[in-house]
Novice: 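Dropping a structure here in structure tokens format, bear with me for questions.
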Amino acid sequence: MFRKQGVQMSDLRVRFAPSPTGYLHIGGARTALFNYLLAKQQGGTYVLRIEDTDVARSTQESVDAILDAMNWLGLSCDEGPFYQSERFGLYKEKVQQLIDEGKAYRCYCTQEELDAKREAAMKEGRKPKYDGTCRNRTDHPDAPYVIRFKLPEGKEEVAFDDRIKGRISVRLEELDDLIVARTDGTPTYNLVVVIDDAEMGINLVIRGDDHVNNTPRQILLYEALGYAVPEFAHVPMILGSDKKRLSKRHGATSVMAYQEEGFLPEAMVNYLVRLGWSYGDEEIFSMDDLIEKFSLDNVGRSAGVFNPEKLLWLNAHYIKTGDPVRLAELLKPFLSAKGIATEQGPDLVEAVKSLQERASTMAEMADGAAFYFVDTVEYEEKAKNKFLKAEQKPVFEAILSELGTCELFNEEQLEAAFAKIMDQTELKFGKVAQPLRVALTGGTASPSIYEVLQVLGKERALARIEQALATL
RNA sequence: GUCCCUAUCGUCUAGCCUGGCCCAGGACACCGGCCUUUCACGCCGGCGACGGGGGUUCGAAUCCCCCUGGGGACGCCA
């Protein structure tokens, strides 16, 4: 028996199947994550499939954007990516099979006729469904047509046991003959999703809640094509703060937009998984934790509201507890985006350490780190007016001379130096530290003064103090 | 409009299946305090919810029904 990290290999096969008509959004990322976690946990297989049957709207840029985002989140697939656009032959075969078996037919109704019927039905309070006009016609006019799947007769309802929502059933009279092939011959979503899931051996379909209504008709298609019906798990939607479907109006919905704002992938993963899933009172989960602990049983059934504040809190947590060397690497692009070069400056890793518990995002950390690397400190107006005044001259002189005698800028020597400064000037620590902070950083908020001094190093620190002294 | 799904603090949620341990627990946010060389971190405390109405029961957040709210679907998009 094969084993993988002590976990029994299973035949679980799941998939994530985005359509490349835009970037990977928050909701899709969560669906992908759930799929990934379950596959990893059970030693199953996670398949990635690009649903690009809508040739007009699918783009390579979107495919790349989705792949990038999956990669960033660390959700690598075991198989794929497969492209539906490369499988049209297979779909065509299956459509023909349905026609041959009398389970599908040509429909010559025009778009306009259909729209009119739909509108009329809505107006009368009926469900707008196809009336079956072409269902029994035997002629083959020389006109454009679509292929419709004929709803099976003699069946009352379709039901399935959703792994998240429980039993869901729909009466057949609520359904109609859906289009499986367009006028141009290309297959539509409901058909290809069934064929691919079946042909790829997917036995558990985890997807968004918005597909619940498609499931009954897809089950009918599975049956008509002679396929085994997989299990389904419909994950609730993610809503905006106004309880409306999450959209750009609510802020960034693209996963990669968060990366650009300085979020860490582990924060995003942690946030996403907790939106709809829980494990007692625990809040912090590493990917390994999740692979061990995730379960569909603990996924909630109702829609959730996306809460950027909590994401931010998680991000701050992961910055606080993250590896400084890695964070330093991640920080570089944010610094260069601000036009800051770090090569000649103080040790970037040390700078990061001093800022870890003060930054919620990497962008914020870059803001906070900027002062370390400037050639000439620029003073904030208010800070300068308050702390860089002529009367401070003696303090700065004392600081300059005492720090100048420090061999090493370590905690011990700095403390000793400050003790002397405070003694000489008869000032309390705060009265010394704050002006010095302005001289060193240009502002009134920064890491602790000892840290700043140490990160900067003696030479740079003394130069900055002299610079300040010169302005008094 | 019709159908499907859903309903615990502002938000994410625990508890619900297997009624009493719940005058409902945790987290984010918010407010207050402590710590403190600034800003933060951290710590302590506070505010804050079982949508409504009927049942069932000795007892209901938990079981049943109705109502209401919310979401989704109704496409030659996925």
Side-chain angles (χ1 to χ4, degrees), chain A residues 17-21 51-54 56-58 84 107 109-111 114-115 118 121-129 144-148 162 164-166 168-171 173-176 178-190 192-193 207-216 234 236-237 239 241 243-245 271 274-284 298 300-314 316 320 355-360 368 383 387 418 428-438 441 443-450 452:
Chain A
S19 64
T21 52
E51 309 229 320
D52 55 354
T53 53
D54 187 348
R57 295 202 303 158
S58 300
Q84 292 188 320
C107 170
C109 296
T110 65
Q111 196 94 246
L114 262 19
D115 289 346
R118 246 193 299 272
M122 285 266 226
K123 211 167 253 172
E124 290 170 37
R126 287 181 294 115
K127 190 155 181 156
K129 52 178 204 173
Y145 61 86
V146 298
I147 306 295
R148 281 184 189 272
D162 192 277
I164 291 171
K165 306 228 173 211
I168 294 174
S169 69
V170 177
R171 291 190 305 284
E173 65 199 47
E174 299 298 335
L175 275 25
D176 64 357
L178 87 165
I179 292 169
V180 291
R182 306 183 179 92
T183 311
D184 64 3
T186 56
T188 58
Y189 168 73
N190 279 297
V192 296
V193 76
R207 79 227 302 192
D209 208 335
D210 47 343
H211 287 289
V212 173
N213 292 281
N214 287 326
T215 309
H234 286 100
M237 300 272 86
L239 276 23
S241 51
K243 295 274 181 92
K244 298 287 181 209
R245 199 186 181 126
Y271 177 72
R274 274 288 287 107
L275 182 52
W277 173 83
S278 61
Y279 191 80
D281 286 339
E282 288 183 38
E283 294 288 350
I284 306 296
N298 299 317
R301 288 159 299 173
S302 55
V305 174
F306 181 74
N307 183 339
E309 277 82 33
K310 189 151 185 180
L311 206 210
L312 197 62
W313 171 73
L314 280 164
K320 224 175 299 165
L355 291 161
Q356 275 179 281
E357 58 186 32
R358 281 162 239 273
S360 292
F387 295 105
F418 271 84
K428 293 207 293 182
F429 189 81
K431 297 286 180 192
V432 178
Q434 207 55 357
L436 177 56
R437 172 170 285 112
V438 177
T441 73
T444 52
S446 84
S448 92
I449 210 70
Y450 291 145
V452 172

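Every chain is numbered from 1, with letters handed out A, B, ... down the list of sequences.
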Novice: For B:rU11 and A:Lys243 - does any side-chain N or O of the residue sit under 4.0 Å from the phosphate oxygens OP1/OP2?
Specialist: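 So the side chain of A:Lys243 is within the cut-off, an N or O lying under 4.0 Å from OP1 or OP2 of B:rU11.
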
Novice: Less than 4.0 angstrom between a side-chain N/O of A:Lys129 and OP1 or OP2 of B:rU2, yes or no?
Specialist: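 No, A:Lys129 has no side-chain N/O under 4.0 Å of OP1/OP2 on B:rU2.
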
Novice: Between B:rC4, B:rU37, B:rG71, which nucleotide has the shortest distance from any of its atoms to the side chain of A:Ser448?
Specialist: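 Closest nucleotide to the A:Ser448 side chain: B:rU37.
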
Novice: Checking only heavy atoms, does the side chain of A:Arg358 share a donor-acceptor pair with the base of B:rC41 at less than 3.5 Å?
Specialist: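 A donor-acceptor contact between them is absent.
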
Novice: Under 4.0 Å between a side-chain N/O of A:Lys127 and OP1 or OP2 of B:rC4, yes or no?
Specialist: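 So the side-chain polar atoms of A:Lys127 never come under 4.0 Å of the phosphate oxygens OP1 or OP2 of B:rC4.
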
Novice: With respect to the phosphate group of B:rG10, does any side-chain polar atom (N or O) of A:Ser241 fall under 4.0 Å of OP1 or OP2?
Specialist: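 For B:rG10, neither OP1 nor OP2 has a side-chain N or O of A:Ser241 closer than 4.0 Å.
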
Novice: Counting any heavy atom closer than 4.0 Å, what does A:His234 reach on the DNA or RNA strands: base, sugar-phosphate only, or nothing?
Specialist: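 Nothing: the residue A:His234, judged by heavy atoms under 4.0 Å, touches no strand.
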
Novice: Counting side-chain heavy atoms from C-beta on, which of B:rC76, B:rA29, B:rG72 comes nearest to A:Trp313?
Specialist: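 Of B:rC76, B:rA29, B:rG72, B:rA29 is nearest to the side chain of A:Trp313.
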
Novice: What does A:Gly276 touch in the nucleic acid at a heavy-atom separation under 4.0 angstrom: a base, only the sugar-phosphate, or nothing?
Specialist: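 Counting heavy atoms under 4.0 Å across all strands, the contact made by A:Gly276 is with sugar-phosphate only.
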
Novice: Provide the distance between the two C1' atoms, one in B:rC4 and one in B:rG20, to the nearest whole Å.
Specialist: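 Their C1' atoms lie roughly 36 Å apart.
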
Novice: For the side chain of A:Ser446, counting heavy atoms from C-beta on, which of B:rC4, B:rA78, B:rU38 is nearest?
Specialist: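 Between B:rC4, B:rA78, B:rU38, the one nearest the side chain of A:Ser446 would be B:rU38.
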
Novice: So, A:Ser446 and A:Arg437: side-chain donor and acceptor under 3.5 Å apart, yes or no?
Specialist: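 Side-chain D/A pair, A:Ser446 to A:Arg437: present.
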
Novice: Among B:rA78, B:rG71, B:rA40, which nucleotide sits nearest the side chain of A:Glu357?
Specialist: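 Of B:rA78, B:rG71, B:rA40, B:rA40 is nearest to the side chain of A:Glu357.
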
Novice: Given the P atoms of B:rU2 and B:rG48, what is the spacing between them in whole Å?
Specialist: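 Pairwise P distance, B:rU2 against B:rG48, rounds to 40 Å.
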
Novice: Side-chain donor or acceptor of A:Ser19 under 3.5 Å from a matching atom on the base of B:rC77?
Specialist: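 For A:Ser19, whose side chain was compared with the base of B:rC77, there is no donor-acceptor pair (under 3.5 Å).
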
Novice: Quick check on RNA chain B: between A:Val305 and A:Tyr189, whose nearest nucleotide comes earlier from the 5' end?
Specialist: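 The residue mapped nearer the 5' terminus is A:Val305.
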
Novice: Could you list all N or O pairs between the protein and nucleotides 22-26 of chain B that sit under 3.5 Å apart?
Specialist:
unit_1, atom_1, unit_2, atom_2, d
B:rG25, N2, A:Asp281, OD1, 3.1
B:rG26, N2, A:Arg274, NH2, 3.4
B:rG26, N2, A:Glu283, OE2, 3.2

Novice: Taking the P atom of each, how far is B:rC5 from B:rC64, in whole Å?
Specialist: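 Here B:rC5 and B:rC64 have their P atoms 15 Å from each other.
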
Novice: Could you tell me the Watson-Crick or G-U partner of B:rU36, where both distances fall under 3.5 Å? Say none if there is no partner.
Specialist: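 Base partner found: none.
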
Novice: Just the rounded figure in Å: distance from P of B:rG75 to CD of A:Glu51.
Specialist: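 To the nearest whole Å, that distance equals 19 Å.
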
Novice: Mind telling me whether A:Phe418 and A:Tyr450 have parallel, tilted or perpendicular rings, with 30° and 60° as the class edges?
Specialist: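 Judged by the thresholds at 30° and 60°, the geometry between A:Tyr450 and A:Phe418 is perpendicular.
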
Novice: Does A:Ser278 place a side-chain N or O at less than 4.0 Å from the phosphate oxygens OP1/OP2 of B:rA14?
Specialist: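 Yes, such a contact exists.
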
Novice: Work out how far the C1' atom of B:rA14 is from that of B:rU62, and round it to whole angstrom.
Specialist: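 Comparing C1' positions in B:rA14 and B:rU62 gives a spacing of 13 Å.
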
Novice: B:rC76, B:rA7, B:rU11: which one has an atom nearest the side-chain heavy atoms of A:Asn307?
Specialist: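 Of the candidates, B:rU11 comes closest.
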
Novice: Pick base, sugar-phosphate or nothing for A:Lys428, based on heavy-atom distances below 4.0 Å to the nucleic acid.
Specialist: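 Touches nothing.
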
Novice: Between A:Val212 and A:Phe306, name the one whose nearest nucleotide on RNA chain B is closer to the 5' end.
Specialist: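 Whichever sits nearer the 5' end wins; that is A:Val212.
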
Novice: How close or far is atom P of B:rA29 from atom CD of A:Glu309, stated in whole angstroms?
Specialist: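 Spelled out: CD on A:Glu309 to P on B:rA29 is 8 Å.
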
Novice: Salt-bridge test for A:Glu283 and A:Lys310: reply yes if a basic N is under 4.0 Å from a carboxylate O, no otherwise.
Specialist: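 Salt bridge present between A:Glu283 and A:Lys310.
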
Novice: Does A:Arg437 make a side-chain N or O approach to OP1 or OP2 of B:rA40 shorter than 4.0 Å?
Specialist: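 Looking at the OP1 and OP2 atoms of B:rA40, neither is under 4.0 Å from any side-chain N or O of A:Arg437.
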
Novice: In whole Å, measure the gap between the P atoms of B:rC50 and B:rC23 for me.
Specialist: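 To the nearest whole Å, 14 Å.
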
Novice: Might you point out which heavy atoms bring A:Arg182 and A:Val146 nearest each other, and give the distance in Å?
Specialist: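 Nearest pair, atom of A:Arg182 first, then A:Val146: C-CG1, 4.0 Å.
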
Novice: What are the two closest heavy atoms between A:Gly430 and A:Pro435, and how far apart are they?
Specialist: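 Nearest heavy atoms, A:Gly430 then A:Pro435: O-CD, 4.1 Å.
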
Novice: Are OP1 or OP2 of B:rA7 and a side-chain N or O of A:Arg301 less than 4.0 angstrom apart?
Specialist: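 Checking B:rA7 against A:Arg301, a side-chain N or O does come within under 4.0 Å of OP1 or OP2.
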
Novice: Out of B:rC4, B:rA78, B:rC12, which has the shortest distance to the side chain of A:Ile168?
Specialist: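 The closest nucleotide is B:rC4.
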
Novice: Please evaluate the base of B:rG72 for a donor-acceptor partner in the side chain of A:Asn213 within a cut-off of under 3.5 Å?
Specialist: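 Per atom types, the contact qualifies.
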
Novice: Decide, for B:rC41, between syn and anti: a glycosidic angle within 90° of 0 counts as syn, anything else as anti.
Specialist: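 This nucleotide is in syn.
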
Novice: Checking side-chain polar atoms at under 3.5 Å, does A:Thr186 have a donor or acceptor matched by the opposite partner on A:Asp184?
Specialist: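 A donor-acceptor contact under 3.5 Å links the two side chains.
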
Novice: Any sub-3.5 Å donor-acceptor pair from A:Gln434's side-chain atoms to A:Thr444's backbone N or O?
Specialist: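 Looks like yes, one N/O pair under 3.5 Å.
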
Novice: When you check the phosphate oxygens OP1 and OP2 of B:rA73, does a side-chain N or O of A:Arg245 lie under 4.0 Å from one of them?
Specialist: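 Yes, within the criterion.
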
Novice: Which whole number of Å gives the distance between the P atom of B:rG25 and that of B:rC9?
Specialist: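 Those two atoms are separated by 14 Å.
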
Novice: If the threshold is 4.0 Å, N to carboxylate O, is there a salt bridge linking A:Lys127 and A:Asp176?
Specialist: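 Salt bridge flag = no for A:Asp176 with A:Lys127.
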
Novice: Taking only the C1' atom of each, what is the distance from B:rG52 to B:rG45 in whole angstrom?
Specialist: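 Taking atom C1' in both B:rG52 and B:rG45, they lie 34 Å apart.
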
Novice: Just name whichever nucleotide pairs with B:rC3, Watson-Crick or G-U, keeping both distances under 3.5 Å, else none.
Specialist: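 Partner of B:rC3: B:rG72.
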
Novice: Can you name the closest pair of heavy atoms from A:Arg301 and A:Ile164 and give their distance?
Specialist: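 Taking every non-hydrogen atom into account, CG-O, 3.3 Å.
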
Novice: Of the options B:rU2, B:rG75, B:rU37, whose atoms approach the side-chain atoms of A:Arg118 most closely?
Specialist: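 Within the option list, the nearest is B:rG75.
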
Novice: Considering only heavy atoms and no angle criterion, is a donor-acceptor pair shorter than 3.5 Å present between the side chain of A:Asp210 and the base of B:rA78?
Specialist: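 Looking at the base of B:rA78, it does not pair with any donor or acceptor on the side chain of A:Asp210 (distance under 3.5 Å).
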
Novice: Just to be sure I understand the rule, does A:Ile449 reach a base, reach only the sugar-phosphate, or reach nothing, if contact means heavy atoms closer than 4.0 Å?
Specialist: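 Result for A:Ile449 = base.
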
Novice: Using a strict threshold of under 4.0 Å (side-chain N to carboxylate O), is an ion pair present between A:Asp52 and A:Arg57?
Specialist: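 Between A:Asp52 and A:Arg57 there is no salt bridge, as every charged N stays at least 4.0 Å from the carboxylate O atoms.
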
